[in-house]
2 protein chains.
Amino acid sequence: MSTRSYGQYCGLARSLDTVGDRWSLLIVRELLRGPMRYGELVASLDGIATNLLAGRLRSLESTGVIERRPGETSGVVYTLTPWGSELRESIEALIRWSTPLMISGRGGDSFEPRWLAVALEALLRGRTATPPAELGLEVDGVFMILRIDADGPDVIVEPERRPETIMIAEPEAILGLAAGALTVEDALSMASVHGDRRVLSAVLGGA
Amino acid sequence: MSTRSYGQYCGLARSLDTVGDRWSLLIVRELLRGPMRYGELVASLDGIATNLLAGRLRSLESTGVIERRPGETSGVVYTLTPWGSELRESIEALIRWSTPLMISGRGGDSFEPRWLAVALEALLRGRTATPPAELGLEVDGVFMILRIDADGPDVIVEPERRPETIMIAEPEAILGLAAGALTVEDALSMASVHGDRRVLSAVLGGA
DNA sequence: CCGCATCCTCATGGATACTG
DNA sequence: CAGTATCCATGAGGATGCGG
């Protein structure tokens, strides 16, 4: 379908032959948080042409990165294969690398809380806590829980319940804190916190 | 110059805005092993149009990924900035992900020993050895030393001296062994080894 | 020479309309 | 809702020219 192969017997080149075209990795990013329908992908990847999305989905399916499945109720849903899920490592590495690009601010770009969930897990990967610590986050009107326990970080978007400590902030403040580019004091000056601020430090602050 | 921005306030999208166009990450891969001249890049990235290479180099320089410097004797050399070097993590993750794409064999693709050096470091990252273990590799007529010590793996291409144990093989056999997709016996049947085979197991074989 | 810039052709991406 | 079909804009690939 799309890309010409680089024709190089090199792992990077072959990876890029597979997921290197425009939009492909963003599609995988969306599916990292669970199966999605075609329409949801169109909505989330604002601006993608529908023919391009259809082409990418077919290409990713043919290379074994994603699978088409009958939906629970109707239609089809797209999901990552086990090998496709292993792209999480690469995607998280690129997200960590992007820190200087992100702390410069949102500008006029669009924003989805789901992207923040992926980014927080990437930035906090390797961090563990016993006993588990939970922090509520309200961003762009969407509520989520960031939990760190012995298994590492995990973000739940739109959970049923709400933890005691809650931070209401712009994505910049939360990302800056998680990336270590902002002190807790700086972040607090850009946010509103209810509950115990020590929880905030414990979860999002430096080690 | 090139890419349209995705317009998303997401670390992955912003990373791809910066290094996501065709050839960009392959240029970074080349520079991971040291500064290179324009002509060397043209030769190594077989198939890249010269105007494209010039454009990518300008773009990568303007975003702070690489730097132009006066060469030791004459001309200019391109080198990674510290931030650019941090792409190693992402590139190595993509290389590890490519394992299924690589063990299928070389096909008609071109091959550079330098790419194997990067791949071996990616696949063996995290592995350490005390005392240090050294294995010589001869691939495509090029000699290299793979050394694993307390700091992790390191590959030297075209070294001065030669270690005692040397494996002469196709890249597929070496990669398959390093990736754990081949047993030592299988790899041996595809290769010729001089010296102590236990060194081969210790360096390239499973833990 | 080496380090690009120009020119031309064609494949790919982008926007929108349309259909099973 | 889940895509195709169509048409235009842009970027990639290849050959060649040119200045320091």
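In what follows, chains carry the letters A, B, and so on, assigned in the order in which the sequence lines appear, proteins first and then strands, with residues in each chain numbered from 1.
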How about A:D140 and A:F111: do any of their side-chain heavy atoms sit closer than 4.5 Å? yes
Heavy-atom distance under 4.5 Å between the side chains of B:L87 and B:V19, does that happen here?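 Sidechains of B:V19 and B:L87: in contact.
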Using a 4.0 Å heavy-atom cut-off, does B:G39 contact any base of the nucleic acid, only the sugar-phosphate backbone, or nothing at all? sugar-phosphate
Base, sugar-phosphate, or nothing for A:V76, non-hydrogen atoms under 4.0 angstrom?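 Sugar-phosphate, no base atom in range.
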Taking [atom1] from [X] and [atom2] from [N], how many angstroms apart are they, rounded to a whole number?
| X | N | atom1 | atom2 | value |
| --- | --- | --- | --- | --- |
| A:L53 | D:dA5 | CG | C1' | 16 Å |
| A:D46 | C:dA15 | CG | C1' | 13 Å |
| B:L16 | C:dG13 | CG | P | 14 Å |
| B:D21 | C:dG14 | CG | P | 12 Å |
| A:E40 | D:dG3 | CD | P | 13 Å |
| B:L60 | C:dC4 | CG | C1' | 16 Å |
| A:Y38 | C:dG20 | OH | P | 16 Å |
| A:R37 | D:dA2 | CZ | C1' | 10 Å |

Watson-Crick and G-U pairing of DNA chain D written in dot-bracket, each distance under 3.5 angstrom, with | for inter-strand partners: .|||||||||||||||||||
Among D:dA12, C:dA5, C:dC4, which nucleotide has an atom closest to any side-chain atom of B:R58?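 Minimum distance to the B:R58 side chain belongs to C:dA5.
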To the nearest 0.5 angstrom, please state how far the CG atom of B:L101 sits from the CD1 atom of B:I95.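 Going from the CG atom of B:L101 to the CD1 atom of B:I95 covers 12.0 Å.
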Drop me the distance from A:D46's CG to A:I48's CD1, to the nearest 0.5 angstrom.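 So the gap between those two atoms works out to 10.5 Å.
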Set of residues satisfying side chain to side chain donor-acceptor pair (under 3.5 Å) with respect to B:D149, sequence neighbours excluded: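 Checked B:D149 against side chain to side chain donor-acceptor pair (under 3.5 Å); matches are B:R147.
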Can A:Y78 and A:R68 be counted as having a side-chain donor-acceptor contact under 3.5 angstrom?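 Short answer, yes.
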Reference residue A:L200; test side-chain contact (heavy atoms from CB on, under 4.5 Å); the match among A:I166, A:L137, A:L177: A:L177
In 5'-to-3' order, the base (B), backbone-only (S) or no-contact (-) status of each nucleotide in nucleotides 13-20 of chain D, using a 4.0 angstrom heavy-atom cut-off, is BBB-----
A:M144 and A:P159 have their tightest heavy-atom pair at CA-CD, 4.0 Å
Side-chain ion pair, B:R14 and A:D109, N-O less than 4.0 Å: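 Salt bridge: yes.
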Whether A:Y78 contacts D:dG3 is assessed here as follows: a side-chain N or O lying under 4.0 Å from the phosphate OP1 or OP2. Is that the case? yes
